[in-house]
Structures are given as C-alpha cells and as structure tokens.
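The next block holds one structure in the form of structure tokens; read it before the comments.
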Amino acid sequence: MRMSDRLPVLSIDGLSVRLPTGSDRLHAVDNIALSVGPGEIVCVVGESGSGKSVTAQAVMGLLPRELKADAGNILLEGENILGCSPMQLRRLRGKRMSMIFQEPMTALNPVMTVGSQIAEVLEIHTTLSERERRKRVLDMMSAVHLPEPSRLINAYPHQISGGQRQRIMIASALALDPALLIADEPTTALDVTTQAQILRLIREMQERRGTGVLFITHDFGVVAEIAHRVVVMQAGRVVESGTRDEILQRPKAAYTRMLLAAVPSLDAPDRAPKSGPVALATERLSKTYGLGLGMSHAVRAAENVDLMVRRGETVGIVGESGSGKSTVARCIVRLIQPTSGAIRIGDVDVAQLPESRLRTYRRHVQIVFQDPFRSLNPRRTVGASIIEGPVNFGLGRKQATDRARELMQLVGLPPEALSRYPHQFSGGQRQRIAIARALAMEPQLLIADEAVSALDVSVQAQVLKVLDDVRRRFDLAVLFITHDLRVASQICDRIAVMLRGVIVEQGPTADVFRNPRHEYTRALFDAAPGRMTQFGAFAVST
Amino acid sequence: MLGYILRRLAATIPVMLIVAVLVFLMLRLTPSDPAAIIAGDNANTEQVEDIRRRLGLDQPILTQFVIWMSEILRGNLGESFFFKKQVVELIADRIEPTLSLALFTILIAILVAVPLGTLAAYRHGTWIDRFVMGFSVLGFSVPVFVVGYLLIYVFAIELNWLPVQGYQRFSTGVGGWAQRLILPSLTLSVIYVALIARITRTSVLEVMNEDYIRAARAKGQTEGKVLVRHALANAAVPIVTVIGLGIALLIGGVVVTESVYTIPGLGRLTVDAVLARDYPTIQAVILLFSLVYVIINLLVDLAYTFFDPRIRY
C-alpha cells in the first residue's frame, strides 16, 4: 500500500551469503528477498544467528572478509550494490545509505568530539568549508533535539548520556539525507524511557525526510511500536513477511507463532502471597560512593533500601541503568560493602561483618550475572566451575561431582557436559550452568542480576522456567533484578521500582502493574514498547 | 592538570631519595676499599689512611650520607677517581653523543614500527603480517652487537656508504653528525622496531573490531583515514606506553652500541667507570639515568591525556 507504485529504496532478491567452511551451516543468509519502500519502516526480526545483521552488513557492503555474497542482488535505488567497486561503495555509504548501531557508546569513536564525528560525513562527501560544516552539524544536532548543540558539539562521547549518543549517531547518519537508513538494534542497549524517545525520533526524522528504514531488532515490543512491515528471519531464511498487523495478529509460520508466544505479557497474573520464613531483609541499606579524600561530591548509589524476600518468593527490583538495582544486589552478596544499614540473612546482620566471619554466610546467598559469556571462567571445565564452591566449603570432590551431575539434569543439560568448556555452550546453556553453579552451594537466597536480559526471547522463556522450577523445588528466595517489565510481570510475586538509588514504589506485582502509584512507575509503563499490543500469553507459574 | 603535574613532580622526590640511598650504600657495601683504589698498588697503609681521612671515609656512615647528599644537591657530584676530573664535567662532555643516539634511535623506531605494525594489523593474516611478525621475532632475538657488526660489514666495509665508527659533534657539522649516527641508531633501533611494531599490531588489531570502525566505514570513510584517524588514534595509549618503556630501556642498549661504534657517550663512560671501579662516576650515572626514567614515566602519563580524552588527572 505504502507508495508501492514508486521504486523501492532497497530491494534484496535471492541474496545468499556463504559462511566459511566448517561453520554450523552453509549460508549466513540463504536466498532471501525483501524490499523497503521510500518512507517505509521494515523490521527484520529474528533471534541471534538468524542472519539479520549479516543482511544489514551485506547491504552496506561491509561484510567481514570471511563472508561472501555468492548469489542474488541488492538494489539500492536500482543500483546493484554487489556489483559496486570499493570506491563506488564508499560514495554510497553515508550519502545514500547510512547505518546506526546497537551500542552508541562503542559506535562512536571515544577519542573524537561528537561534533567532528558528525562533520566527518560532510567532510567525506561534500566540499563544504569548515564553517559551513559546523553550521550543518549544529543544525543536525538541533534537528535530533539535542540540548545546547553549541556546547555539546565539543563534547566527547563519554561525557554525554546513552540516549544523546544515539541521537548523535542518528544526526550523523541522516546528515546527508540518505534514501536508506539501516538501524541495527538501535535501542537495545538503551533504557525503556530513552528507547521510547529514540524510537519516536527515528520515526519523526524518517517521516519528515521520507527515508526508507531497515530496522533490525529482536524485540517484538519495538516491532509493534515502529514497523510498517515485518520480515521474520530464522537461521538465514525469511520465514514470513507481511504488514505489522498481519505478523503480530495473524502469524502464519509456526516459528513466528512460537516467538510471539515467548514474548512475556505485560499483564501480571494475580499471585497468592507467600508466607514462608524471611530469608533476606534489608533495612535502610545505603551505599554512597566517593566519600574518600579529594572527592568533590558523593554519589548515593542506594539510599535507605528496605527489601524483604521470603523463602519460596520471587521479588523483583525494576529500574533503569544507574537506578542502583545492581548496587543493592552487590551489597547483599557483599561483593561491595554497604555504607550503612542492615542486611539480615536469616537472623544475622551481614552488612558490616568482616571477611573472616562473612565466609560462613557466603554460601547462603548466590548470584547469577547478566553476561553468561563472562561469568564463567573460559579456561576451566564447567564441572570444575560448579564444584569449586562446595569443595571450598569442605565437600568431597566425589560428592560435589555427583551433586553437579544432578544439578545439570535439573537445569536441563546432560551430566556428561560437565567435562566441557564454556565456549562449547550457547548463551542460554551457559546461563543454566551459572544457575547450577549457584545452586551447588545450596543457597537460601538466589540473586538473578539481569540474568535473562542477554538472551533471545525463546531462550529467555526456558531459562525463566528453570529459575522458577528451582525456586519451587528448593524453596528458594529469589531476588530478581531486571530492567524488563515484561519479564518482571511474569516471574515476580512482588516488585520494587528503583529510581536514582531509592525505591519509589513496592508491592505485589499485579497491583503495581495495574495501579502504578508513583509517576516514575507510570512513565516506565508508558515507555514499554508494544504495550498496546497483546502478545501470546506466557506465564511460568502462579 | 597543573596540580597533577606538580604532584607528580613532588612524588619524584621520594623516589630519587631512595635511589640516592641505594647508590650511596652501593659504595659502602662493595668489598673493595675506594681509598685503596685511589692510593694505587704501591701505597702503604699510612697513605691509604690519609686518603681515607681526606675523603671523609672515617666518619660515621650517616654523617657521610648527609655530606654526600648536600654536595649532590649543590650540583657537586664529586671527582672521578679514574679520569681525575669533575664528574659533572665528564657527564656534560658525554651527554651529547648519547642524547643524539637515543633521539635518532627512537625516531627511526617510531617512524618504521608504527606504520609497519598498523599495516600488519590491517592485512592481518596475510604474508605482510607474517613478514612483520617474523621480523619482530628476529629483532628480539638477535643481540645488538651482532646487528652492529653486520651493519658495519655491509654498509661501511663492503658498500663503503657510511663511516665505520666514531662520532662527530653536532657543532662541527650536521652532515657528518647525522652520517655517523645512522648505523648506530639503526643497530639500536632494531629491537625497538620489533617491540613497537608488535604492540602496534596488537592494539590496532584489537580496535579494528570495534563498532566505531564499522561506523566510520559506514560513513564512506577511506580505509587510510579509518586506519589513522579511528584505529591508530584509539590504539595510541598502549603504543605510547611501550615507546616510553623503550626509551627507558634504551640506556642498556646504548652501552653496547657505543662500544661497538666507539662513540664517546654516557654508555662508554659507564663501561669505563665500572671497569675502573670509579665509584663517583658510577653513582652519578645511575642517579642521572634514574632521573631520566622518572621523567619519561611522567611524560608518558601526560601523553595519555593527549591521546585519550577519557583520561583526566
């Protein structure tokens, strides 16, 4: 419907990109077709390894050396990209097609001012003088609603916020009014409220300029917010494509249906209050940084945090980056020492215990971290990682190994896998191993610090299920830290919302979700992408 | 920033003090008796005692240290036993050749190694990369004197392009000065080329996978500018660190190179002083080298802030 009578900005036809020999499959993308019309936003959705990023790289002519496009056409306004010389490609990049990336911190050169990074595009493709370039940069910076452009123009990336960085990227990408913008997960690394603003900005810029957008994402919430049309990819193939409503409301392919069903709903089910003994209680827990000599101002990372988790209960801490939720987790595990307040594990206050006496309590509290690629020692077998804790606490190697085998089965992995190394597992499998490692200590309290945030939705659903199973089985108290409201709504009995180190609202999940009282909580819900769309219900427990 | 520099300069005082104590003790802890050395083989006990008294060696050790330190702070480094000259004069006389050699060496090393390392990283896995890495291993493993004599044989004796050895003062003509520095500097720079090329390759390689490199290419930037403006600028900090370390380590290389090319510099002075057990000279040279080391470290730290705006003191 959308300007389909006009020549598409981008049309990909029969594209195949071959993987190096020895990979798990022959092609990174296999005979795919898609098109983007002028002024149209086409979302490419898929899980990691689906080939969506490779598609984007192929369009930009930026495939890594070991990948080769070996069939098909990529037409940018009718010109075949695959037939272009490197020099012709350079002329197209930045001018007629441009790209923004997932992580605006790493996509900006840290040693150049943001102004000069926007100006770089103009320097490459135009003959403008330095003065004219500066003026254009300032105009672009205002266009993407950056405050005080004349001051920010000389800032370095680390001096501005994540949202501002992505605005800089967008300004740089759109400086020459390209026909095609490729956005590769541009909001994945951002907080929900920032994400909502950036999505609005992309939409605004694209509408005003008539840019065609190829928007790559794994997040169906984002799809619901921004897409005109959707292309679903799996293992290098296009599974299904159609308008947004077709895909979200009437998906035909089984894979699409499975993906949609795995998206946790924002409707929190009612849950019976738990009445087990209190496993963890914090009282006025505070952590202040920068009280040392020569520090000009103190940062209150957590202030007067009161939390309580019963055995068998999952309590969520929800908040954006910098809200202090991870600080609280680290204090409770005593990876860092709180400045003041009490942390009661059972009936002992561990907040200020010296390391020598703390050791006994360490085993009662275990933590699972966000990034499964960095939380397992790559040089040790997963078995060695799992039994290390129990053996430190005096369990025999034989018993510890037997227990590790049981735990592996419990988290859905074969016991034989104990002798393998972390790199031989996928992200979801590693996260299960991290859970098994935590359980090996027989803790009373398990802290999951963004433990499913780095995982694809379908894998996320599985890991959440494992977490819920072990909670029930061992009558664990679980403190679940997340920025993802959808996940929180499905797994938490109660949630606490944190903002700038303070809990602004706390209560049973269903109550908070249905009647958020604090304005920040309401802002969080308003920003949640796809809140108007009902995804397939997925509930782990009641 | 200025406060930081002042604080760092102040911090050099305790470091230098510790060095001074060690240097002072070195003389007292050695088995040989300086008075006996000065007196010579034919002196009798009385003469030795006399010299000992004159040098103040019969005083308590703390008194000796205080006297020694106050002399040094006044710029008096004592008189050389061996050269029978003021040590300050000796050093002033020998510093120009060494400084010239060091500067030439570092300049050659940087100009050759940084482009070479960057190219190797850019053409990662190709024969260029393997060649640079191979050269690097070779550069590490061949001793300085072997390289020195090899270069002399090829360029001075066989080809007769450059003088075999010796040094000509800068004041007597830039041409002759530079001509005589080329071979020694090349010799000395081999290991630094190896070192700096290697670290450049590693750090550039690491940066080449960063998103901002992809982002620069996505803007249509040329490969040359991607490499220099984006990759090298971000890889600079480790490279500068190694260059700083290299300059500090240069001191060792200078000793051998100056001997091979008979350059009358500080390295030769050190060797001669050690062989003659000329303690005042040895002490002075050690103090000087330590000071240089400390200052280079400071300069390297300051260079970080120039290359990386995220580093602020």
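Since the structure is predicted, the reported quantities are computational estimates derived from the model, not experimental observations. Below, read A as the first sequence line, B as the second, and so on, with proteins coming before strands; counting in each chain starts at 1.
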Taking all non-hydrogen atoms of both residues into account, name the closest pair between A:Val17 and A:Ala58 and its distance.
CG2-CB, 4.4 Å
Is A:Met87 in contact with chain B via its backbone, its side chain, both, or neither, using a 4.5 Å heavy-atom distance?
neither
Check each of B:Ile199, B:Val300, B:Leu299 against B:Val240 using the side chain to side chain contact (heavy atoms under 4.5 Å, CB included) test, and report the only one that passes.
B:Val300
Between A:Leu108, A:Val111, A:Ile100, the one whose heavy-atom pairs under 4.5 Å with chain B are most numerous
A:Val111
Between A:Pro178, A:Gly94, A:Pro157, A:Pro110, which has the largest tally of heavy atom pairs under 4.5 Å with chain B?
A:Pro110
Enumerate, including both backbone and side-chain atoms, all donor-acceptor pairs under 3.5 Å from chain B to chain A.
residue: B:Tyr122; atom: O; partner: A:Arg65; partner atom: NH2; Å: 3.0
residue: B:Asp211; atom: OD2; partner: A:Thr106; partner atom: OG1; Å: 2.9
residue: B:Tyr212; atom: N; partner: A:Thr106; partner atom: O; Å: 3.0
residue: B:Arg217; atom: O; partner: A:Arg93; partner atom: NE; Å: 2.7
residue: B:Ala218; atom: O; partner: A:Gly94; partner atom: N; Å: 3.1
residue: B:Lys219; atom: O; partner: A:His125; partner atom: NE2; Å: 2.7
residue: B:Lys219; atom: NZ; partner: A:Gln117; partner atom: O; Å: 2.6
residue: B:Lys219; atom: NZ; partner: A:Glu120; partner atom: OE1; Å: 3.0
residue: B:Gln221; atom: NE2; partner: A:Glu120; partner atom: OE2; Å: 2.7
residue: B:Arg229; atom: NH2; partner: A:Glu123; partner atom: OE2; Å: 2.8
residue: B:His230; atom: ND1; partner: A:Asn109; partner atom: ND2; Å: 2.9
residue: B:His230; atom: NE2; partner: A:Glu120; partner atom: OE1; Å: 3.2
residue: B:His230; atom: NE2; partner: A:Glu120; partner atom: OE2; Å: 2.6
residue: B:Asn234; atom: ND2; partner: A:Asn109; partner atom: OD1; Å: 2.6

The side chain to side chain contact (heavy atoms under 4.5 Å, CB included) partners of B:Ala20 (sequence neighbours excluded) come to B:Trp68, B:Met69, B:Leu287
What one should report as the nearest heavy-atom pair of A:Ala175 and A:Leu122 is CB-CD2, 4.3 Å
Indicate the atoms forming the closest heavy-atom contact of B:Trp177 with B:Ser100, along with that distance.
NE1-OG, 3.3 Å
Nearest heavy-atom pair of A:Leu67 and A:Pro20: which atoms, and what distance?
CD2-CD, 3.7 Å
Please assess B:Val142 against B:Val190 for the test side-chain contact (heavy atoms from CB on, under 4.5 Å), listing each intermediate value before the final yes or no.
CA-CA 9 Å; B:Val142 179; B:Val190 168; over 6 Å; no
